[in-house]
Amino acid sequence: SVNTSNIKLIDNSTTQEIPGQLSLYGDRVVFNPTDNLTDNTTYLIQVSGVKDTSGNSLVGSLVSSFKTKIPDFTPPQILTISPTDGAIDISPDTRIEITFSEEINSADFSSIQLLDNNSGSQIYPQYQTLGNQAILTPFDNLTDNTTYLIVINGVTDLAGNPLSNP
């Protein structure tokens, strides 16, 4: 038998029991708290008095702990862009590499635009991510003697913080 009297989640700092629902899936028990857990908090899981379907009791008890994450409120920043602003005589097959201070949400990559500065037309690149780096590789070579503009808007980190210096 499994119920909230023999499986408990407790806030370690307040010793308060966290209310929630238990669900049984074969040999697994899932505890779903009624409310979100608090950031940067240690919780204890206490298991005792559990019996299997044949009525056999769990030998001993189990106490385990975990700590929730520290919230991220720090916005990402652009550390470097290659080629650098104002670079000349770059190869037409150059890829654009943008390094951020932290990993960014790859779903936001399409908001990074590469524009022909003369015509304003958008150049469509292939987007890649490598850790905290966005790599834009144009499908076609860039045109000689043309200035390009990189526009970075709508980029967020994995916690949803928007870019601080677009």
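Please read all numbers here as calculations on a predicted model, not as lab measurements.
Both Ile123 and Ile112 belong to a single network of hydrophobic side chains, linked directly or stepwise wherever heavy atoms of I, L, V, M, F, W or Y lie under 4.5 Å apart. Residues Val155 and Ile150 are members of one and the same hydrophobic cluster, defined by side-chain heavy-atom contacts under 4.5 angstrom among Ile, Leu, Val, Met, Phe, Trp and Tyr. Side-chain heavy atoms closer than 4.5 Å link hydrophobic residues (I, L, V, M, F, W, Y) into clusters, and following such links, possibly through other members, connects Ile152 to Ile104. Residues Ile90 and Ile98 fall within the same hydrophobic cluster, defined by Ile, Leu, Val, Met, Phe, Trp and Tyr side chains chained together at heavy-atom separations under 4.5 Å.
A donor-acceptor pair under 3.5 Å is formed between the side chain of Ser101 and the backbone N or O of Gln77. Using a distance-only test at 3.5 Å, with no hydrogens or angles considered, a donor-acceptor pair links the side chain of Thr41 to the main chain of Asp39. Remark: side-chain polar atoms of Thr68 are paired, donor with acceptor, to backbone N or O of Thr38 under 3.5 angstrom. When atom types are taken as modelled, the side chain of Asn105 and the backbone of Thr156 share no donor-acceptor pair closer than 3.5 angstrom.
The closest side-chain heavy-atom distance from Pro125 to Ile96 is not below 4.5 Å. A heavy-atom distance below 4.5 Å is found between the side chains of Leu37 and Leu9.
Rounded to the nearest 0.5 angstrom, Ile45 CD1 and Lys8 NZ are separated by 14.0 Å. The line from CG of Leu130 to OG1 of Thr99 is 9.0 Å long, rounded to the nearest 0.5 Å. With rounding to the nearest 0.5 angstrom, the CD1 atom of Ile135 is 7.5 Å from the OG1 atom of Thr129. Rounding to the nearest 0.5 Å gives a distance of 10.5 Å between CG of Leu136 and CD of Gln113. In this structure, CD1 in Ile78 is found 5.0 Å from CG in Leu163, a value given to the nearest 0.5 Å. Remark: Ile10 CD1 to Thr42 OG1 distance equals 13.0 Å, nearest 0.5 Å.
Listed by first then second residue, pairs satisfying ring pair (Phe, Tyr, Trp, His ring centres under 6.0 Å) with a partner in residues 137-160 number zero, not counting sequence neighbours. Here ring pair (Phe, Tyr, Trp, His ring centres under 6.0 Å) pairs that include residues 51-106, with residues two or more places apart or in two chains, are Tyr43-Phe66. Among pairs with a residue in residues 10-19, those fulfilling side-chain hydrogen bond (donor to acceptor under 3.5 Å, both in side chains) read Asp11-Ser13, at least two apart in sequence or across chains. Note on residues 5-32: no pairs pass ring pair (Phe, Tyr, Trp, His ring centres under 6.0 Å), not counting sequence neighbours.
Atom CG of Asp85 has 12 or fewer heavy atoms from other residues, nucleotides or ligands within 6.0 Å.
Scanning for side chain to side chain contact (heavy atoms under 4.5 Å, CB included) contacts around Asn145 gives an empty result, with sequence neighbours left out. With sequence neighbours left out, Glu103 forms a side chain to side chain contact (heavy atoms under 4.5 Å, CB included) with Leu158.
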